[in-house]
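Here is the structure we will look at.
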Amino acid sequence: MTSPYPVFDRPWRPRPGWLAHGLAKVRSVVRPPVVVTDPPAEVVVERDAPVTARDGTVLRANVFRTDEATPRPVVLCAHPYGKDRMPTMHRGRWTIPWRYRIMRQPDEVRFSALTTWEAPDPAFWTATGFVVVAVDLRGAGSSDGVI
């Protein structure tokens, strides 16, 4: 009796293209499709600006803005992953977070060297008229308190 299902629906048989798929996964771990760009010169960075919470705990924030003194809307990012864990230049190449190596990217990922994990790209948002504030949560990174 023949199966009404195509051959590739049987998990015990190799699917067409399995070798190419496996090689693509290995290649994306070794050299993920991530491009880190140099930060733009017009972005002003204020590092470790103190922000006092209601209970007196001091949180630390990095503020990315342009030189303009006009009020701007803010993109706020607060997470425990470390606001200062940005890509660094090492032997002529940018280092990238290890998470990009374990999570396969469908297309090329491009961000500036001011971007941390799961945070907005300050180069993009300041160019579109926003101020970006990246805050270490309580007890994480350089912020005081207990997480």
Give, for atom [atom1] of [X] and atom [atom2] of [Y], the distance between the pair rounded to the nearest 0.5 Å.
X      : Y     : atom1 : atom2 : answer
Ser142 : Asn62 : OG    : CG    : 7.5 Å
Asp67  : Arg65 : CG    : CZ    : 6.5 Å
Thr66  : Glu42 : OG1   : CD    : 8.5 Å

According to a 4.5 Å side-chain heavy-atom criterion applied to Ile, Leu, Val, Met, Phe, Trp and Tyr, with indirect links allowed, do [X] and [Y] form part of one hydrophobic cluster?
X      : Y      : value
Val135 : Leu137 : no
Met86  : Val133 : no
Phe130 : Leu76  : no

Minimum heavy-atom distance between Tyr81 and Glu118, given as atom pair plus value:
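Looking at all heavy atoms of both residues, the closest pair is CE1-OE1, 3.3 Å.
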Of all the heavy-atom pairs spanning Arg110 and Glu108, show the shortest one and how long it is.
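Distance-wise, the nearest heavy atoms are NH2-OE1, 3.3 Å.
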Check this for me: does any side-chain nitrogen of one of Asp136 and Arg85 sit under 4.0 Å from a carboxylate oxygen of the other?
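Salt bridge: no.
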Would you say [X] and [Y] make side-chain contact, with heavy atoms under 4.5 Å?
X      : Y      : value
Met89  : Val36  : no
Val63  : Val132 : no
Asp38  : Trp94  : yes
Val51  : Val58  : no
Val45  : Val43  : yes
Phe64  : Leu114 : yes
Arg60  : Lys83  : yes
Phe111 : Pro87  : yes

Between [X] and [Y]: side-chain donor-acceptor atoms closer than 3.5 Å:
X      : Y      : value
Asp121 : Thr115 : yes
Ser143 : Arg138 : no
Thr88  : Thr95  : yes

